[in-house]
Amino acid sequence: MLTQEQNETLIRVGKGTPVGSLLRRYWFPIAAGSELTKAGTKKVKILGEDLVLYRDKSGKLGLVQERCPHRGVSLVYGIPEEDGIRCQYHGWCFNHQGACTEQPNEPEHSTFKDRINISAYHTEELGGLIFAYMGPEPVPVLPKYDLFVKENVIRTIGYAEIPCNWLQIMENSLDPIHLEWLHGRYFEHVFEQQGRPVEEWPISKHHVKIGFDKFDYGIIKKRVLEGQTEECEDWAIGHPVVFPNMLRVGDLGAHTFQIRVPMDDTHTYHFWYTCFIPVSGIEVPKDYPISLYEAPLKDENGQYITDYIDGQDMMAWVTQGEIANRTIERLGTSDKGIIMFRQMVLEELAKLEKGLDPICVFRDPQAAEHIKLPQEEDKFSVGDLLSGVAKDWNTRYAPNLDEIISLCKHGKPLTGSSSHNT
């Protein structure tokens, strides 16, 4: 268990907090590029700050505080200009650096505008996502982790707003044991309740061994299930948790980044960034659109949706409370990955206090150009499992999932389908 002080240190993400300062050294996705294909705005919240993401009329992205400093109106309804955004209330205009460039109703020679600035942050686009950096200068290089730049794949982006603290979501990623229960035995229970046949479900197999290794970008999570040996890919390769906020999972047919973006202390924006990989010899259509969809947390009756794997995870994250009370937890030997991650956060905080860059902050563009991450391909030693049950994952909500599977397996779309739903 942790003391209340230790728990507070790990969970608070606002400006000036230890972990808030640490997280501001990283780039975070805040939207899909398809949400702002032309001049427009979108409200976002990240690390406790209410912001407006916008694309101006020149096509350039900007990210500024939501409230206009004049009278406090929301710039979500602001007017994109050629170089910045204009407040719709009285016409004050701000550029991408947050400087006020125009105050139409002030005297012509007034210097008032030169003394007005709003918070503004850096943005970049990569792989269909829009990223933001909110930390100090100099700005680090946006790392090009392999799925963001992988060729000949079809991408989907799922998202959800999770009403809980970021840390309990990340701790779930360092907890292999929950696989056989939450996604195994519990899944079988859900199948039985729905009257669905309960076939042999490899995820229900007992964990014989779990392991965690630090590597250049975080922690590798490994397991041996009943019937496997240490020669299986789940142990020999495993899959990574990239510090501070990303998990990679997948198999032969699909690889996914799960990216957790702290909105504030009690809300987390979650992305599922999936690359569907075609069978050998098939070329997917060039510039195939990236579908965007929401993965729902609850059904129309307000009940958690638990008949898909990611829904089960979200239920587990949220029912711990907005902020998990780690002062009353009782960790066992199977929780060593969770302990390792907490220690890693503290180690990276110590680096920051010494004026050093934490892990996964890149200054050399070449080092960040194409970062290949380890990933087992034959998950659970049963072949092409995950892409075969794509409808038991968040990807079942992708509007073009059937067509994606057809394109990846057969190289052609389904008859009469539309490939441009987003």
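Residue numbers run from 1 in the order of the sequence given. Side chains included, hydrogens not; waters and symmetry mates left out as well; all remaining heavy atoms used.
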### Message
How close do L126 and V149 get, counting heavy atoms only, and between which atoms?
### Response
CD1-CG1, 4.0 Å
#### Entry: No-hydrogen, no-angle side-chain donor-acceptor test under 3.5 Å, Y288 and E403
yes
#### Entry: I162 vs M314 side-chain heavy atoms within contact, under 4.5 Å
yes
### Task
For H96 and L61, indicate whether the former's side chain and the latter's backbone hold a donor-acceptor pair under 3.5 Å.
yes
### Query
Looking only at heavy atoms, what is the nearest atom pair of V13 and P262, with distance?
CG1-CB, 4.1 Å
### Message
Check whether Q375 reaches the backbone of H239 with its side chain - one donor and one acceptor, N or O, closer than 3.5 Å.
### Response
no
### Query
Are D234 and K222 close enough, and set up right, to give a salt bridge (Lys or Arg N to Asp or Glu O under 4.0 Å), and what steps lead you there?
CA-CA 6 Å; D234 301 295; K222 307 187 301 183; over 6 Å; no
### Query
With a 4.5 Å limit on heavy-atom distance, are the side chains of W272 and I259 in contact?
no
### Message
Can you tell whether the side chains of E35 and R55 come within less than 4.0 Å, N to carboxylate O?
### Response
no
#### Entry: More than 12 heavy atoms of other groups within 6.0 Å of E137 CD
yes
### Query
With a cut-off of 6.0 Å (strictly less than), are more than 12 heavy atoms of other residues, nucleotides or ligands near CD of Q4?
yes
### Chi angles and distances behind the salt bridge (Lys or Arg N to Asp or Glu O under 4.0 Å) call for K45, E161
CA-CA 11 Å; K45 187 167 190 175; E161 185 176 316; over 6 Å; no
### Query
Under 4.5 Å between any side-chain heavy atoms of C164 and T266, yes or no?
no
#### Entry: From CG (L63) to CG (L51), nearest 0.5 Å
5.0 Å
### Query
Looking at CZ of R260 and CG of L167, how far apart are the two atoms once the value is rounded to the nearest 0.5 Å?
11.0 Å
### Task
Return the orientation label for the Y273 and F257 ring planes: parallel under 30°, perpendicular over 60°, tilted otherwise.
parallel
### Query
Counting only heavy atoms not in F215, do more than 12 sit closer than 6.0 Å to its CZ atom?
yes
### Query
Once the angle between the rings of F94 and W92 is folded into 0 to 90°, is it parallel (under 30°), tilted (30 to 60°) or perpendicular (over 60°)?
tilted
### Query
Is the shortest side-chain N to carboxylate O distance from R248 to D146 below 4.0 Å?
yes
### Message
Are more than 12 heavy atoms, taken from residues, nucleotides or ligands other than K43, located less than 6.0 Å from that residue's NZ atom?
### Response
yes
### Message
Check whether K221 reaches the backbone of S173 with its side chain - one donor and one acceptor, N or O, closer than 3.5 Å.
### Response
yes
### ring-ring contact (aromatic ring centres under 6.0 Å, His included) assessment of H270 paired with W166
CA-CA 9 Å; H270 193 291; W166 78 286; over 10 Å; no
### Salt-bridge present (R396, D307; N to O < 4.0 Å)
yes
### Task
Supply the atom-to-atom distance K354 NZ to K351 NZ, rounded to the nearest 0.5 angstrom.
9.5 Å
### Message
Closer than 4.0 angstrom, basic N to acidic O: yes or no for E102 and K113?
### Response
no
### Message
Taking the basic N atoms (NZ, or NE/NH1/NH2) and the acidic carboxylate oxygens, is any pair closer than 4.0 Å for E369 and K144?
### Response
yes
### Message
Quick check: do K150 and I277 have side-chain heavy atoms less than 4.5 Å from each other?
### Response
yes
### Message
Is any side-chain heavy atom of I118 closer than 4.5 Å to one of L75?
### Response
yes
### Task
Output, in order, the C-alpha distance, side-chain angles, deciding distance and verdict of salt bridge (Lys or Arg N to Asp or Glu O under 4.0 Å) for D265 and R12.
CA-CA 6 Å; D265 293 340; R12 301 300 175 189; 2.9 Å; yes
### Query
Does a side-chain heavy-atom distance below 4.5 Å link W393 with T256?
no
### Query
Are any of the side-chain nitrogens in K286 or E151 under 4.0 Å away from the carboxylate oxygens of its partner?
no
### Query
Have Y304 and D299 got a donor and an acceptor in their side chains that come within less than 3.5 Å?
no
#### Entry: K214/E347 salt bridge by N-O under 4.0 Å criterion
yes
### Task
Report yes or no: do D313 and H183 form a side-chain donor-acceptor pair below 3.5 Å?
yes
### Query
Do D364 side-chain atoms and Q366 backbone N/O form a donor-acceptor pair below 3.5 Å?
yes
### Salt-bridge criterion met for R363 and D357 (N-O under 4.0 Å)
yes
### Query
Do I79 and I85 touch side chain to side chain, with heavy atoms closer than 4.5 Å?
no
### Minimal non-hydrogen separation, E322 against Q168, with atom names
O-OE1, 3.8 Å
### Task
Starting from the C-alpha separation in whole Å, work towards a yes-or-no answer on salt bridge (Lys or Arg N to Asp or Glu O under 4.0 Å) for R326 and E171.
CA-CA 12 Å; R326 295 174 182 81; E171 289 175 342; 3.1 Å; yes
### Pair R342 + E329: basic N to acidic O under 4.0 Å
yes
### Message
Exactly one of W27, F28, F148, Y26 should register a ring-ring contact (aromatic ring centres under 6.0 Å, His included) with F131. Which one does?
### Response
F148
### Task
Side-chain contact test, heavy atoms from C-beta onward, threshold under 4.5 Å: evaluate it for T327 versus L2 and give yes or no.
no
### Task
Return the minimal non-hydrogen interatomic distance between I282 and N152, and the atom names on each side.
O-ND2, 3.1 Å
### Query
What pair of heavy atoms forms the shortest contact from V261 to P29, and how long is it?
CG2-O, 3.3 Å
